[in-house]
Visitor: 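Take a look at the following structure, please.
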Number of protein chains: 2
Amino acid sequence: MTDTEWLRLDRQICFSLHAASRAFNSVYRLILKDLGLTYPQYLVMLVLWEQGDLPVKKLGERLRLDSGTLSPLVKRLEGAGLVRRERSAQDERSVRVHLTEEGAALRERALEVPRRIMSSTGLDLTEVVDLHARLERLTTALDAAAEAEARAAG
Amino acid sequence: MTDTEWLRLDRQICFSLHAASRAFNSVYRLILKDLGLTYPQYLVMLVLWEQGDLPVKKLGERLRLDSGTLSPLVKRLEGAGLVRRERSAQDERSVRVHLTEEGAALRERALEVPRRIMSSTGLDLTEVVDLHARLERLTTALDAAAEAEARAAG
DNA sequence: CACAACTGAGTTGCACACAACTAAATCGAC
DNA sequence: GTCGATTTAGTTGTGTGCAACTCAGTTGTG
């Protein structure tokens, strides 16, 4: 392959991933509009519905987001009345995010989201599970590479 | 599948895509730091290196980005001395983006990027091409679904 | 020609994402 | 017990991404 071909391939790959990510975001935006949630806010709510109350730190680990992203996001969820933030008594540094009644109730209305997303992808269950596995492997490899780059850069 | 299982699957899928996209972004950020480019700026430069000067409108079509994103981005590239913006004489509404000498020269230094990205993914050429095809199909389906949603919402 | 509809860029406002930083609380070595 | 290192949130600044808007220029219709 020539250098030019490599650049073209890179354009295709990085563009297609970028585009797929934004297309997903766009579909979620449309579907989540009724719930008054953004895509990242929905991710936070999914974790809370699944795992119950969590400190911001744990939320960040689950979602791989840092406090710079999570702090204002959780504040907006609090402003919408979906969660409550409470400083832990044991460790005053830690802030635990609780679902409010309204936040817990929103789960019922969110139940239709996955099916609508699934049908939007045009994929069947097997393909979705397969895609999930591929993306997980890819992310693991990329994280390892980023780690290696960071070490190399010093 | 129960409702709870659907929600869990949705969390897994939307999270894994989100995470993969950010992991890619992160690796590109590290590799592009030397070139002084962000990931979207690199996408713009790739298109310009490949296709030559283009009006902002065409750039937007190629990258599926609107003027709200492109205008400030191109201005930053201009500030970095990589491109020049010139209003078309034929159609005063149109602004054509030209590579400067410096911008054209940057291509030489960008030639190593694709190989570094490829090795970061841990995928071979066949898998990358396959991934590209899958993502294209997925994006097409998602775009069609978004279109349908938008029509339904009226 | 006149004027309404459209088009291409650009601006504004909002919500991530992330780097770099601060501040407060906790932990650990001594 | 004290003081420095670490940990947890939060803040600030930059750069997207997108909706909604403005503005200037162009086009189509009568």
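Just so you know, these numbers use all the heavy atoms, side chains as well, and skip hydrogens, waters and symmetry mates. Quick note on labels: first sequence line is chain A, next is B, and so on, each numbered from 1.
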Visitor: So if I take every side-chain heavy atom of A:Arg29 and compare against D:dC18, C:dA17, C:dG10, which nucleotide ends up nearest?
Guide: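 Ranking D:dC18, C:dA17, C:dG10 by closest atom to the A:Arg29 side chain puts D:dC18 first.
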Visitor: Go through the steps to decide whether A:Leu131 and B:Leu138 satisfy the test side chain to side chain contact (heavy atoms under 4.5 Å, CB included), and finish with yes or no.
Guide: CA-CA 10 Å; A:Leu131 178 65; B:Leu138 185 57; 4.0 Å; yes
Visitor: Using OP1 and OP2 only, check whether a side-chain N or O of B:Gln41 sits under 4.0 Å from D:dT16.
Guide: yes
Visitor: Would you please confirm or rule out a distance under 4.0 Å between OP1 or OP2 of C:dT7 and any side-chain N or O of B:Ser94?
Guide: no
Visitor: Within the modelled atom types, does a donor on one side and an acceptor on the other bring the side chain of B:Ser67 and the base of C:dG8 under 3.5 Å apart?
Guide: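 Such a pair does not exist between side chain and base.
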Visitor: Ignoring hydrogens and angles, does a donor from either the side chain of B:Thr38 or the base of D:dG15 sit under 3.5 Å from an acceptor on the other?
Guide: no
Visitor: Is it the case that the side chain of B:Arg87 and the backbone of B:Glu92 share a donor-acceptor pair, with hydrogens and angles ignored and the cut-off at 3.5 Å?
Guide: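 Answer holds: yes.
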Visitor: Once you measure the plane-to-plane angle for A:Tyr42 and A:Tyr28, does it fall in the parallel (<30°), tilted (30-60°) or perpendicular (>60°) bin?
Guide: tilted
Visitor: Rounded to the Å, how far apart are A:Asn25 CG and D:dA19 P?
Guide: 10 Å
Visitor: Taking OP1 and OP2 of C:dA17, is either one under 4.0 Å from a side-chain nitrogen or oxygen of B:His18?
Guide: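 So the side-chain polar atoms of B:His18 do come within 4.0 Å of the phosphate oxygens OP1 or OP2 of C:dA17, strictly under.
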Visitor: CZ of B:Phe24 versus C1' of D:dT16: gap in Å, rounded?
Guide: 18 Å
Visitor: Taking atom P of D:dG15 as reference, at what distance in whole Å does atom OH of B:Tyr28 sit?
Guide: 21 Å
Visitor: Expressed in angstrom and rounded to an integer, what is the separation of A:Asp66 atom CG from C:dA20 atom P?
Guide: 12 Å
Visitor: Looking at A:Lys75, I'd like to know whether one of its side-chain N or O atoms comes within less than 4.0 Å of OP1 or OP2 on D:dT11.
Guide: yes
Visitor: Using heavy atoms to find the nearest nucleotide of DNA chain D for A:Ala23 and A:Asp91 separately, return the residue whose nucleotide is more 5′.
Guide: A:Asp91
Visitor: Among C:dG10, D:dG10, D:dG17, which nucleotide has an atom closest to any side-chain atom of B:Arg85?
Guide: C:dG10
Visitor: Could you please name the option among D:dG17, C:dA9, C:dC18 that lies closest to any side-chain atom of B:Lys57?
Guide: C:dA9
Visitor: Has A:Arg76 got a side-chain N or O lying under 4.0 Å from the OP1 or OP2 atom of C:dC14?
Guide: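 For A:Arg76, the contact criterion (side-chain N or O under 4.0 Å from OP1 or OP2 of C:dC14) is not met.
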Visitor: Has the side chain of B:Arg93 got a donor or acceptor atom sitting under 3.5 Å from an opposite partner on the base of C:dT7?
Guide: yes
Visitor: NA contact type, B:Pro55, heavy-atom cut-off 4.0 Å: base, sugar-phosphate, or nothing?
Guide: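 It contacts sugar-phosphate atoms only.
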Visitor: Looking at B:Gln90, does any N or O in its side chain come under 4.0 Å of the phosphate oxygens OP1/OP2 on D:dG25?
Guide: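 B:Gln90 to D:dG25 OP1/OP2: no side-chain N or O under 4.0 Å.
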Visitor: Now, which nucleotide makes the Watson-Crick or G-U wobble pair with D:dG30, with each of the two distances under 3.5 Å?
Guide: C:dC1
Visitor: Whole angstroms only, please: what is the CG-P distance between A:Leu77 and C:dC14?
Guide: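 Value for this atom pair: 17 Å.
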Visitor: As a quick check of understanding, evaluate side chain to side chain contact (heavy atoms under 4.5 Å, CB included) for B:Leu125 and A:Met1, giving each step before the final call.
Guide: CA-CA 11 Å; B:Leu125 191 55; A:Met1 264 173 87; 4.0 Å; yes
Visitor: Below 4.0 angstrom, N of the basic side chain to O of the carboxylate: do A:Arg115 and B:Asp3 qualify?
Guide: yes
Visitor: Within the structure shown, what part of the strands sits under 4.0 Å from B:Leu73 by heavy-atom distance: base, sugar-phosphate, or nothing?
Guide: sugar-phosphate
Visitor: Tell me whether the side-chain N/O atoms of A:Thr69 come closer than 4.0 Å to OP1 or OP2 in C:dA17.
Guide: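 Looking at the OP1 and OP2 atoms of C:dA17, neither is under 4.0 Å from any side-chain N or O of A:Thr69.
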Visitor: Between B:Asp130 and A:Arg134 (salt bridge meaning N to carboxylate O under 4.0 Å), is one present in this structure?
Guide: yes
Visitor: Determine the contact category for A:Arg87: base if any of its heavy atoms lies under 4.0 Å from a base atom, sugar-phosphate if only primed atoms, P, OP1 or OP2 are that close, otherwise nothing.
Guide: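 Sugar-phosphate, backbone atoms only, no base.
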